[in-house]
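Presented below is the structure to which this report refers.
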Amino acid sequence: ERNFPVPVWAGRPACPLQTCEQPAEAPALPELLGRPEEMTEPLVQCAAWLDAYFHEPAALPRLPLPAIHHPILQRDSFTAQVLWKLLEAVKFGDTVSYQQLAALAGNPRAARAVGGAMRSNPVPILIPCHRVICSSGAVGNYSGGLATKEWLLAHEGHLAGKPTSPRGSRPAGTQLGVQGGRN
């Protein structure tokens with residue numbers, strides 16, 4: 001059993017207006033983020049992109065990807081190269097193996113380094129590291145947990161009109177080939 005530090009807010013309501021003991025229902029998006037006219041354009045774009053991802057994936061190609069200004073992505077590194085290549089090459093409903101992504105990023109022998117790049121991903125839904133699977137077809141690891149990765153893969157397989165595999169672990173959709181084509 002692991003002991004975790006108690007957060008400073010423990011024992012206090014999450015919000016000063018919340019006085020009941022039961023958790024409050026999540027507020028609607030506009031309440032949570034403020035009035036739309038108060039939101040910055042990048043935040044509006046990000047909220048619209050995430051809403052489309054979960055509710056209307058066919059709209060994703062028409063939407064700009066939210067701005068990603070994380071230091072990891074600004075460096076000239078293999079990690080940045082892998083993350084940008086993943087974002088560019090592996091579309092909704094597709095998967096790629098760690099080894100294939102290493103080859104796409106220019107180093108076919110760096111599959112383990114690709115796994116490290118996935119662990120460094122600062123925005124896992126926007127840069128879809130859940131689409132990276134093992135060469136064997138096994139789902140592999142995910143910072144959000146195996147159940148989340150399986151759900152995201154099933155979500156993309158189902159909404160892309162592709163049946164999920166009998167194991168339910170990943171879409172039976174296409175897997176990106178090393179040369180950028182489909183297998």
Side-chain angles (χ1 to χ4, degrees), residues 42 45-183:
Q45 285 181 351
C46 188
W49 193 94
L50 288 168
D51 185 61
Y53 175 84
F54 288 107
H55 300 105
E56 193 182 344
L60 288 174
R62 297 187 308 270
L63 294 174
L65 186 69
I68 304 171
H69 300 290
H70 195 279
I72 286 176
L73 299 166
Q74 307 305 316
R75 296 183 194 135
D76 183 22
S77 66
F78 184 71
T79 294
Q81 189 174 355
V82 165
L83 293 173
W84 285 117
K85 186 55 75 173
L86 173 62
L87 184 60
E88 168 190 298
V90 186
K91 301 302 179 198
F92 189 96
D94 291 343
T95 58
V96 65
S97 73
Y98 293 93
Q99 185 175 12
Q100 290 170 323
L101 186 53
L104 288 170
N107 190 346
R109 297 174 51 125
R112 290 177 66 98
V114 167
M118 297 304 100
R119 283 188 299 279
S120 299
N121 183 354
V123 283
I125 297 286
L126 299 178
I127 300 177
C129 57
H130 62 276
R131 296 178 188 154
V132 183
I133 62 172
C134 299
S135 295
S136 67
V139 174
N141 295 320
Y142 186 64
S143 61
L146 180 61
T148 301
K149 184 170 185 173
E150 288 177 336
W151 187 93
L152 289 167
L153 290 170
H155 166 73
E156 291 189 10
H158 174 71
L159 292 177
K162 299 171 186 155
T164 55
S165 70
R167 291 177 290 136
S169 61
R170 69 179 183 90
T174 57
Q175 184 168 354
L176 196 62
V178 175
Q179 304 304 319
R182 308 265 186 237
N183 289 11

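No experiment lies behind these values; they were computed from the predicted model shown.
- Of all the heavy atoms in Ala102 and Ala111, the pair that sits closest is CB-N, 3.8 Å.
- One distance of note links OH of Tyr142 with CD of Glu150; it measures 12.5 Å at 0.5 Å rounding.
- The two residues Val82 and Ala105 have their closest heavy-atom pair at CG2-CB, 3.7 Å.
- Applying the ring pair (Phe, Tyr, Trp, His ring centres under 6.0 Å) test to every pair with at least one member in residues 111-141, sequence neighbours left out, gives no pairs at all.
- To the nearest 0.5 Å, atom CG of residue Asn121 and atom NE2 of residue His70 are 9.5 Å apart.
- Closest approach of Ala52 and Leu63 over heavy atoms only: CB-CD1, 3.5 Å.
- Of the inter-residue distances, the one linking Leu153 atom CG with Ile133 atom CD1 reads 7.5 Å to the nearest 0.5 angstrom.
- With a 4.5 Å cut-off on side-chain heavy atoms, Tyr98 and Cys134 count as touching.
- Applying the side chain to side chain donor-acceptor pair (under 3.5 Å) rule to pairs touching residues 76-85 yields Lys85-Glu88, sequence neighbours excluded.
- Between Trp49 and Ile125, some side-chain heavy-atom pair lies under the 4.5 Å cut-off.
- Using a 4.5 Å cut-off on side-chain heavy atoms (C-beta onward), Pro61 and Phe92 make no contact.
- Here the side chains of Leu86 and Met118 are in contact, with some heavy-atom distance below 4.5 Å.
- Separation of atoms CD (Gln99) and CG (Leu104) is listed at 11.0 Å; rounding is to 0.5 Å.
- The SG atom of Cys46 lies 8.5 Å from the CG atom of Leu65; values are rounded to the nearest 0.5 Å.
- Separation of atoms CD1 (Ile127) and CD1 (Ile68) is listed at 4.0 Å; rounding is to 0.5 Å.
- Between Pro66 and Leu50 the shortest side-chain heavy-atom distance does not fall below 4.5 Å.
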Margin query: Let's go through Thr148 and Leu152 carefully: what are the C-alpha distance in whole Å and the side-chain angles of both, what is the deciding distance for side chain to side chain contact (heavy atoms under 4.5 Å, CB included) to 0.1 Å, and is it a yes or a no?
Written below: CA-CA 6 Å; Thr148 301; Leu152 289 167; 4.0 Å; yes
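- Of all non-hydrogen atoms in Arg131 and Lys91, the two that sit nearest each other are NH1-C, 3.4 Å.
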